Amino acid sequence: MYTYSQHKLLIIKALITITLVTDVYGTYIGYKDKPEHQYSINFDNAFYPSSSTAKSQLLENAVLHIMTDSSGQKYDCYIPKPPQEGDVEERRVPFIAEIRDVLHQSLSSHCVLRLAGWWTYEFCYGKHMKQFHQDKHETTEQSFLLGVATDSTGGQVKDIPTDDNSIKTTPYFSEQYTDGTPCDLTGTSRSTEMRYYCSLDLKNEAIVDIAEPASCHYTVSIHTPSLCVFNVFKPKQSTVLPINCYAHLPDLSEQLYMMDDSPL
């Protein structure tokens, strides 16, 4: 015997299969970004449309699938049709010089600080990434350069999704800050990969993550609203499309189901 929740879970699994097969929207095609769709499933609709006209209106933007749970109960589930091709957004990858001009305008006039426990981190664009500790009198007791900007700092746009990406990625701009304070463990200079991400939620720049994937080699993530002028860096916005399921009424819904032969 299945519980009520298990009956619904079987239908949900079937509906997920249908939407995965019929929703042919990819994540990226070239550098054109199609909206990402998620689905919510609602079984608690108290009022089924009472007229054939109302049901026909439902089918203007959805496709009806009659689903049966393990107890034999049928449900009329309306799966919304995804938006048309007109919603595709162009995402051009900008030139490195364009990105640097934007970052220079937004970051060159000030340094970005982050207090993380014992250490304070300071990033000054085009200059250095620093780690230091101050006492209660704000006297610096320890200080390490994690990297400085040099002629070889370079720049690269990374994690651009492609058609065959199985893992969703967020594009960012990367620069290498090198020639920092010598590392006692490796005998080489400290270095940092600076990763700049677009943030639609922040008004100012912020250091949001600091990691050390290898001894004395760091990655620092900077979130900045300035980078959002380039569509390629904008986070993907998911659209939640509701799948509404009603207790099956064969006298009207089956007739409508037979009338609708268009693919999703």
Side-chain angles (χ1 to χ4, degrees), residues 25-38 83 86-117 119-132 145-150 152-162 165 167-178 180 191-213 217-241:
Y25 273 52
T27 303
Y28 279 74
I29 294 183
Y31 298 120
K32 290 186 176 181
D33 184 20
K34 296 184 177 182
E36 180 178 290
H37 306 304
Q38 297 179 356
D87 295 329
V88 175
E89 182 182 44
E90 188 74 32
R91 295 202 170 200
R92 179 184 68 87
V93 178
F95 293 109
I96 301 301
E98 293 180 274
I99 300 173
R100 282 186 166 163
D101 284 345
V102 168
L103 292 176
H104 178 78
Q105 292 176 23
S106 62
L107 285 166
S108 61
S109 62
H110 62 282
C111 296
V112 183
L113 297 174
R114 176 176 175 176
L115 179 62
W119 297 106
T120 297
Y121 294 88
E122 177 187 75
F123 174 61
C124 300
Y125 181 75
K127 297 178 181 178
H128 64 255
M129 180 69 204
K130 182 188 294 186
Q131 175 189 41
F132 62 91
L145 276 174
L146 304 187
V148 299
T150 66
S152 60
T153 292
Q156 184 179 0
V157 178
K158 293 185 176 181
D159 277 4
I160 299 176
T162 59
N165 270 115
I167 300 176
K168 297 175 183 177
T169 57
T170 302
Y172 62 90
F173 180 63
S174 171
E175 289 184 322
Q176 300 293 329
Y177 279 50
T178 57
S191 63
T192 300
E193 179 190 7
M194 302 301 306
R195 298 178 175 182
Y196 307 90
Y197 291 87
C198 155
S199 175
L200 298 171
D201 302 322
L202 298 177
K203 293 183 178 179
N204 299 300
E205 293 74 24
I207 298 173
V208 299
D209 185 66
I210 302 166
E212 189 176 0
H217 177 70
Y218 310 87
T219 59
V220 175
S221 297
I222 301 281
H223 283 204
T224 170
S226 63
L227 209 57
C228 301
V229 298
F230 305 111
N231 284 333
V232 70
F233 294 115
K234 287 182 179 179
K236 287 185 64 61
Q237 303 295 310
S238 296
T239 301
V240 178
L241 302 177

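Predicted model, so just to flag it, every value in this text is computed and none were measured.
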To the closest 0.5 Å, what do you measure between [atom1] ([X]) and [atom2] ([Y])?
{"X": "I210", "Y": "Q131", "atom1": "CD1", "atom2": "CD", "value": "8.0 Å"}
{"X": "I96", "Y": "E175", "atom1": "CD1", "atom2": "CD", "value": "8.5 Å"}
{"X": "K130", "Y": "L146", "atom1": "NZ", "atom2": "CG", "value": "10.0 Å"}
{"X": "R114", "Y": "W119", "atom1": "CZ", "atom2": "CH2", "value": "15.5 Å"}
{"X": "H223", "Y": "C228", "atom1": "NE2", "atom2": "SG", "value": "10.0 Å"}
{"X": "K127", "Y": "L107", "atom1": "NZ", "atom2": "CG", "value": "11.5 Å"}

What are the two closest non-hydrogen atoms of [X] and [Y], and how far apart are they?
{"X": "A206", "Y": "L202", "result": "CB-CD1, 3.9 Å"}
{"X": "C198", "Y": "F233", "result": "CB-O, 3.2 Å"}
{"X": "Y197", "Y": "S221", "result": "CE1-OG, 3.7 Å"}

Looking only at the side chains, is there a donor atom on one of [X] and [Y] sitting less than 3.5 Å from an acceptor on the other?
{"X": "E193", "Y": "T219", "answer": "no"}
{"X": "S191", "Y": "T178", "answer": "no"}
{"X": "E205", "Y": "Y196", "answer": "no"}

Please check this pair: side chain of [X] against backbone of [Y], looking for a donor-acceptor N/O pair closer than 3.5 Å.
{"X": "T224", "Y": "S226", "result": "yes"}
{"X": "Q105", "Y": "V102", "result": "no"}
{"X": "Y177", "Y": "G126", "result": "yes"}

Do [X] and [Y] have side chains that approach each other closer than 4.5 Å (heavy atoms only, starting at C-beta)?
{"X": "V112", "Y": "Y125", "value": "no"}
{"X": "I207", "Y": "F123", "value": "yes"}
{"X": "T150", "Y": "V148", "value": "yes"}
{"X": "I222", "Y": "R195", "value": "no"}
{"X": "V157", "Y": "Y172", "value": "no"}
{"X": "T170", "Y": "D159", "value": "no"}
{"X": "Q156", "Y": "F173", "value": "no"}
{"X": "Y218", "Y": "M129", "value": "no"}

Counting only heavy atoms from other residues, nucleotides and ligands, does the tally under 6.0 Å from [atom1] of [X] exceed 12?
{"X": "K158", "atom1": "NZ", "answer": "yes"}
{"X": "F132", "atom1": "CZ", "answer": "yes"}
{"X": "H110", "atom1": "NE2", "answer": "yes"}

Quiz item: Would V220 and D209 count as a side chain to side chain contact (heavy atoms under 4.5 Å, CB included) if you check the C-alpha gap in whole Å, the side-chain angles of each, and the deciding distance to 0.1 Å?
Solution: CA-CA 6 Å; V220 175; D209 185 66; over 6 Å; no
